[in-house]
Student: 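Just passing along the structure, written as structure tokens.
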Number of protein chains: 4
Amino acid sequence: MAGKGRARAEQARTQMYRELVLGSAERVFAERGYHASKMQEVATEAGISLGTLYSVFPGKGDVFEALHETRGEAFLARIESALHEASPVRVALWHAVRAFVEFLVEHPDYFRVDLREGRSWAVGDVEASPAFQKGIAQWTDLIARGIDEEVFRDDDPLVLATTVFGLMQVQLAALVVKGDERDPGRIARRVASSVERQVCRLEVLAETPPWEAEVA
Amino acid sequence: MAGKGRARAEQARTQMYRELVLGSAERVFAERGYHASKMQEVATEAGISLGTLYSVFPGKGDVFEALHETRGEAFLARIESALHEASPVRVALWHAVRAFVEFLVEHPDYFRVDLREGRSWAVGDVEASPAFQKGIAQWTDLIARGIDEEVFRDDDPLVLATTVFGLMQVQLAALVVKGDERDPGRIARRVASSVERQVCRLEVLAETPPWEAEVA
Amino acid sequence: MAGKGRARAEQARTQMYRELVLGSAERVFAERGYHASKMQEVATEAGISLGTLYSVFPGKGDVFEALHETRGEAFLARIESALHEASPVRVALWHAVRAFVEFLVEHPDYFRVDLREGRSWAVGDVEASPAFQKGIAQWTDLIARGIDEEVFRDDDPLVLATTVFGLMQVQLAALVVKGDERDPGRIARRVASSVERQVCRLEVLAETPPWEAEVA
Amino acid sequence: MAGKGRARAEQARTQMYRELVLGSAERVFAERGYHASKMQEVATEAGISLGTLYSVFPGKGDVFEALHETRGEAFLARIESALHEASPVRVALWHAVRAFVEFLVEHPDYFRVDLREGRSWAVGDVEASPAFQKGIAQWTDLIARGIDEEVFRDDDPLVLATTVFGLMQVQLAALVVKGDERDPGRIARRVASSVERQVCRLEVLAETPPWEAEVA
DNA sequence: GATGAATGAGCCTTCATTCAT
DNA sequence: GATGAATGAAGGCTCATTCAT
């Protein structure tokens, strides 16, 4: 039946437009912030019409949500895969931090959108996206394992994960914007160093960190 | 001339209203965010009419700015006075962190407003409020002193200060909202502990922290 | 009975305030125009409070109307008395024009208010003030007499009166603002000359005008 | 490239709407006056929505200005072309007056808008539109020429032009509204007659006026 | 399906008017 | 009676959303 091919083609086109729009929205929201951005700008930046934009997203808020959903999903997946490679929890942490840093360095507009929202997610406000929730859960699991293995200090894993999440964001922003660090590798090591200080037991901190062990 | 008393009375009334409005705006902005808040809501929450609201603030943006200005000023002053009491840098840091935590615990709505807007963070294109600039300067000085005295680890003081500032905010939010910590004293100690991990040299971390020394 | 004195005192006070307000309104309306003028400005210029202003006038529109009523009344009276003195119609016209010019030169603010608003003119749907109606009637009578006596040209007296009225206003404005004529006597003579050209028969125009006859 | 046609189409549509709105604004402003007119009324009268109205004019004031600009321009052009045809200054004056009258008889709403503003232009108030300034300049030139050729009486050309301008407005209003003259030809002759009386030397007035010469 | 012109609900702000002191 | 602080109705303008082409 021809309907199937038709349907698939439509699916594909819709998907294509959604991605086009998300890329555009990312840039526009990063530049002006969500509220100051107009749908017309998003459409123009995407190179499509308002009507097409509305044919793939029901409203402005949905574009914003989808942006977080999509980028968040990719973000999560990236970190997830980083976690799967490694076994010792300290190495896993290092890989996760590196993945975190690399992703945001590669997606500076998304990072700016994130920063603009402030730390609303930290207080569990309604607007906090599911992706954030899942991200926090991911880190919570990792940290719980570290505590269990007596590598990380004994504290509430959720609080620690939330703290680490914010710490990475803030420090990344500080390094990139305030400082003049540009090399992703060095940024990742500095952020990882900060994170380790936050979570590792003191005696673990004295040992050679994973990123130096790697080089060796 | 009677005009003087009259002028003073008006001054006082205006001041009273401004504070009333700031308190109301703080709650409304905390609840719905700046853009979703309507001036009518702010007025109603303050228990006054729109006209009266506009008689003490020229516009919506000015209310927001004044809120940051006023609370930021008080915030700075509180920390400043904490810094002036103490001499050893580690004690000074402890006092500053405690003042930071106490202020935000006492002003939870302002804290939420702060968390909501990315203004305080280093987004670059977003104009951070003057109060925030001064606040960062304050912490940068303290940290530079700590580095100089070889108590804190050797790093860019501005990056460190920005990081610490964000770390405190995030962890405070995490402790209060995610966790169930309510006692300001314990919160302050936990935040201070995190901050010390971030800035102190490892050998310093091994020593008894100021808050335990205080108790003894 | 004491009530009578009381009532008379109140009457007097009200009257006093009304005049105070009209003087103030005249200046304010002249400066900014009716719509751009605020009641607060009128009150302040009058040196009284808003409440007092509203105790003697029901609303903004009433102040405007009363201004036209009052000044118009005085204006009419001035011209009326000028008309009563003289007998030959050409002399009467001259006296009336002189009175017209003198009044407006003495009340420049009222003149500006008059010029600003099209009320005085025959717009049809705009309610011309009763005072203006009476003024036009006055001039219409004078002109009808002139036509009757075969001194003025034979035309519709109402149209001629309206035209003359407007002509005087416009030329007065032109002489004072565009030109640099300041002397009321010369202004009056030039305006009268224009008016005569408008209404007198050509053969009458050739005769010595009343203002020169006066001097002689 | 197709963009060109697109741009031209948009240009045309915008132009069409601007004229639609100006026509509507003309009627609404004539009826209620500028300040009492609401943008919604102007839009409704034009048969479009508020949004569309604002898509072709930035604000209320701009509609008013554009109205004066556009009509004023046409007005000026009409008179200019009348002036260019004729050589003897008295004939030129007659043609200009006729053009003046015809234009306003054809655009009664614009005339009413004009009348509503009063004679502000006569006192050189800031609000006086550039079109008025140009119009006055036009008449001033004509009158200066007449004085030069010793057809018009020797007086300040600017004062005379201003007077004539006002005289025409006022008399036209008187004839149309107060009187019951409807025939543009007769109105023009009566206005021209008044104007000639205002500007021509007496000996010239005795000669056959241009409009009678024309008929012959 | 794609377009973007058209719509109009909704928000910020002003100022005539009221009324408690 | 005088005051002027307080009120809130009304209007200019924006922009998310719709729908005719």
Student: Of all heavy-atom pairs between S24(C) and V42(C), which one has the smallest distance, and what is that distance?
Tutor: OG-O, 2.5 Å
Student: Heavy atoms only: give me the nearest M39(B)-G59(B) pair and the separation to one decimal.
Tutor: CE-C, 4.0 Å
Student: Tell me, for nucleotides 11-21 of chain E in 5' to 3' order, what letter each nucleotide earns: B for a base near a protein heavy atom under 4.0 Å, S for only sugar-phosphate near one, - for neither?
Tutor: SSBBSSBB---
Student: If you compare every side-chain N and O of T52(C) against the phosphate oxygens of dT3(F) (OP1, OP2), does one of them come in below 4.0 Å?
Tutor: yes
Student: Using a strict cut-off of less than 4.0 Å between a Lys/Arg side-chain nitrogen and an Asp/Glu carboxylate oxygen, indicate whether E31(B) and R112(B) qualify as a salt bridge.
Tutor: yes
Student: May I ask you to test the V113(C)-H68(C) pair for a side-chain heavy-atom distance under 4.5 Å?
Tutor: yes
Student: What are the two closest non-hydrogen atoms of R71(C) and G23(C), and how far apart are they?
Tutor: NH2-CA, 4.1 Å
Student: Does anything in residues 20-29 of chain C come within less than 4.0 Å of DNA chain F? Heavy atoms only, and list the residues if so.
Tutor: none
Student: Side chain of S49(C) only, heavy atoms from C-beta on: which candidate in dT3(E), dG8(E), dT3(F) is closest?
Tutor: dT3(F)
Student: Between Q40(A) and T44(A), do the side chains contain a donor N or O and an acceptor N or O under 3.5 Å apart?
Tutor: yes
Student: Looking only at non-hydrogen atoms, find the nearest pair between S37(C) and R32(C) and report the distance.
Tutor: OG-CB, 3.8 Å
Student: Under 4.0 Å between a side-chain N or O of R13(A) and OP1 or OP2 of dA2(E)?
Tutor: yes
Student: On DNA chain F, check which nucleotide each of G47(B) and L53(C) is closest to and give me the residue with the more 5' one.
Tutor: L53(C)
Student: Could you spell out the base pairing of DNA chain F as a dot-bracket line? Use Watson-Crick and G-U wobble contacts where both distances are under 3.5 Å, [ ] for crossing pairs, | for partners on a different strand.
Tutor: .||||||||||||||||||||
Student: Enumerate the residue pairs fulfilling ring pair (Phe, Tyr, Trp, His ring centres under 6.0 Å) with a member in residues 7-33 of chain A, sequence neighbours excluded, ordered by first and then second residue.
Tutor: F29(A)-Y34(A), F29(A)-F64(A)
Student: Where do D109(B) and A30(B) come nearest, in terms of heavy atoms and distance?
Tutor: O-CB, 3.5 Å
Student: Tell me whether the OP1 or OP2 atom of dG1(F) has a side-chain N or O from Y17(C) closer than 4.0 Å.
Tutor: no
Student: Just grab all the side chain to side chain donor-acceptor pair (under 3.5 Å) pairs involving residues 48-61 of chain C, residues at least two apart or on different chains.
Tutor: S49(C)-T52(C)
Student: Not counting sequence neighbours, which residues clear side-chain hydrogen bond (donor to acceptor under 3.5 Å, both in side chains) with E19(C)? List them please.
Tutor: Q15(C)
Student: Want to settle it: does S55(D) or S55(A) sit nearer the 5' end of DNA chain E, counting the closest nucleotide to each?
Tutor: S55(A)
